[in-house]
There are 2 protein chains.
Amino acid sequence: MKIPAVIPFKPRNPKTRLSCVLSQEERERFAMAMLADVVEAVRGGGCSPRILSTERFGFEGSGFRGAPVTVNPAGLNEALNPILAGMDGPCLIVMADLPLLTPEAVRLLTGTHMMVAIAPGRGGGTNAIYLAEASRFHVDYYGASFLKHLAIARQFGLSCEMPDSFRLHTDVDEKEDLVELLIHGSGESRRFLDDLGFTLLIERGRVGVARNSGPAG
Amino acid sequence: MKIPAVIPFKPRNPKTRLSCVLSQEERERFAMAMLADVVEAVRGGGCSPRILSTERFGFEGSGFRGAPVTVNPAGLNEALNPILAGMDGPCLIVMADLPLLTPEAVRLLTGTHMMVAIAPGRGGGTNAIYLAEASRFHVDYYGASFLKHLAIARQFGLSCEMPDSFRLHTDVDEKEDLVELLIHGSGESRRFLDDLGFTLLIERGRVGVARNSGPAG
């Protein structure tokens with residue numbers, strides 16, 4: 001049986017720190033493009049993706065790219081922990097804003113010999129967690145959640161490792177993060193930026209992004 | 001024979017973007033602590049470190065942590081390319097500001113089956129390059145050097161890959177980068193920050209760093 005991969009998703013007004021370069025409607029489309037990239041990478045890595053959305057976004061009946069969608073407006077921890085508690089076996093939790101994710105990076109997590117494998121995000125967050133026995137763990141997102149998740153694994157006596165992957169590490173929150181996507185991305189979210197006219201901009205030796213037109217919102 | 005690993009180093013007034021939290025004298029000590037971590041990781045990864053310094057910093061005769069030191073005030077490309085041209089075999093070039101580097105991450109590069117392996121830095125830079133035949137390549141640092149190095153490999157018909165490692169990806173330039181070192185570091189540069197009273201600071205869900213005392217300079 002494939003490992004279930006839960007992908008939390010916020011369809012409405014997401015990624016507000018990108019408001020300087022993307023309108024709300026564009027941010028919502030961009031978030032969906034990143035979600036599509038994550039779904040594809042997760043599936044390529046041998047997992048079965050399911051989306052946990054904070055609200056309806058039009059794919060509740062049909063599924064999004066073949067992944068079933070559950071809606072729960074509760075906070076991340078409140079929505080995820082009952083799911084974990086009810087599971088009988090392994091689970092992967094992957095954030096929806098990892099557009100550089102590859103099947104190989106997913107397998108770095110699911111192929112661990114430990115009970116828990118945690119991929120830290122930039123700034124101390126948690127981008128993905130693999131749990132060999134989901135019901136023995138609970139999540140505690142927000143703030144320096146990477147350290148909190150290490151502590152939870154220790155508290156419950158679960159062996160734990162941190163796979164070394166920049167593709168798992170690179171979450172997209174700010175304008176500067178778009179540089180990584182323009183350099184290393186190849187999926188839908190990269191094409192989305194290309195279509196809007198985003199390009200790399202090199203000024204005084206530093207690399208940034210420029211957009212040919214302003215936000216449309 | 002061990003693979004030579006050239007580590008470019010700027011001992012004087014380095015890391016100016018850290019001036020907001022470290023005095024010049026502290027930045028110089030911090031750069032040396034990071035250099036020590038890189039030297040140790042490189043050696044642990046089976047390479048023979050040698051330091052290419054922009055000026056004298058007191059270790060020219062004795063070597064720094066057992067690594068010979070050459071001084072060349074020329075720019076990075078001007079100093080490195082004649083070295084590469086004169087080499088008969090492989091070479092690794094590693095930046096001195098990668099305090100999270102591990103022997104395993106070094107081996108990800110040197111273990112490649114390609115002619116070239118490039119580790120990108122955040123923002124399109126190049127943190128490390130492994131060259132199976134150093135004399136067939138030349139470097140072109142500054143700006144989006146990762147893309148320039150990919151193009152040079154293509155131009156010379158050299159097979160090329162990009163190993164996926166967040167430890168190779170994480171260069172320390174700005175205050176926010178210190179968060180990564182405080183969370184994931186374990187070497188001299190981490191201890192240096194600890195000794196100065198740096199700690200993680202969590203404010204409104206975001207993780208930053210705080211220092212118990214101001215810059216001493």
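Protein chains get the first letters and strands the later ones, always in sequence-line order, with residue 1 at the start of each.
The nearest pair of heavy atoms linking F146(A) to P120(A) is CD1-CB, 3.6 Å. In plain terms, the two heavy atoms of V106(B) and A41(B) that are nearest each other are CG2-O, 3.8 Å. Here the closest non-hydrogen pair linking C47(B) and A5(B) is CB-CB, 3.9 Å.
When the side-chain contact (heavy atoms from CB on, under 4.5 Å) test is applied to A134(A), the partners found at least two apart in sequence or on another chain are L84(A), M87(A), C91(A), L131(A).
Ranked by heavy-atom pairs under 4.5 Å with chain A, the first of L150(B), L108(B), I202(B), I183(B) is I183(B).
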Is there any N or O donor on one of chain A and chain B with an acceptor on the other under 3.5 Å, and could you list each such pair with its distance?
{"from": "R122(A)", "atom 1": "NH1", "to": "D177(B)", "atom 2": "OD1", "distance (Å)": "3.4"}
{"from": "R122(A)", "atom 1": "NH2", "to": "D177(B)", "atom 2": "OD1", "distance (Å)": "3.2"}
{"from": "G123(A)", "atom 1": "N", "to": "E180(B)", "atom 2": "OE2", "distance (Å)": "2.6"}
{"from": "D164(A)", "atom 1": "OD1", "to": "S165(B)", "atom 2": "OG", "distance (Å)": "3.2"}
{"from": "D164(A)", "atom 1": "OD1", "to": "F166(B)", "atom 2": "N", "distance (Å)": "2.6"}
{"from": "D164(A)", "atom 1": "OD1", "to": "R167(B)", "atom 2": "N", "distance (Å)": "3.1"}
{"from": "D164(A)", "atom 1": "OD2", "to": "S165(B)", "atom 2": "OG", "distance (Å)": "2.6"}
{"from": "S165(A)", "atom 1": "OG", "to": "D164(B)", "atom 2": "OD1", "distance (Å)": "3.2"}
{"from": "S165(A)", "atom 1": "OG", "to": "D164(B)", "atom 2": "OD2", "distance (Å)": "2.6"}
{"from": "F166(A)", "atom 1": "N", "to": "D164(B)", "atom 2": "OD1", "distance (Å)": "2.6"}
{"from": "R167(A)", "atom 1": "N", "to": "D164(B)", "atom 2": "OD1", "distance (Å)": "3.0"}
{"from": "D177(A)", "atom 1": "OD1", "to": "R122(B)", "atom 2": "NH1", "distance (Å)": "3.3"}
{"from": "D177(A)", "atom 1": "OD1", "to": "R122(B)", "atom 2": "NH2", "distance (Å)": "3.2"}
{"from": "E180(A)", "atom 1": "OE2", "to": "G123(B)", "atom 2": "N", "distance (Å)": "2.6"}

Would you please test F57(B) and L35(B) for side chain to side chain contact (heavy atoms under 4.5 Å, CB included) and show each step?
CA-CA 13 Å; F57(B) 69 114; L35(B) 178 65; 4.3 Å; yes
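For the atom pair CD1 of I129(A) and CD1 of I152(A), the computed distance is 7.5 Å after rounding to the nearest 0.5 Å.
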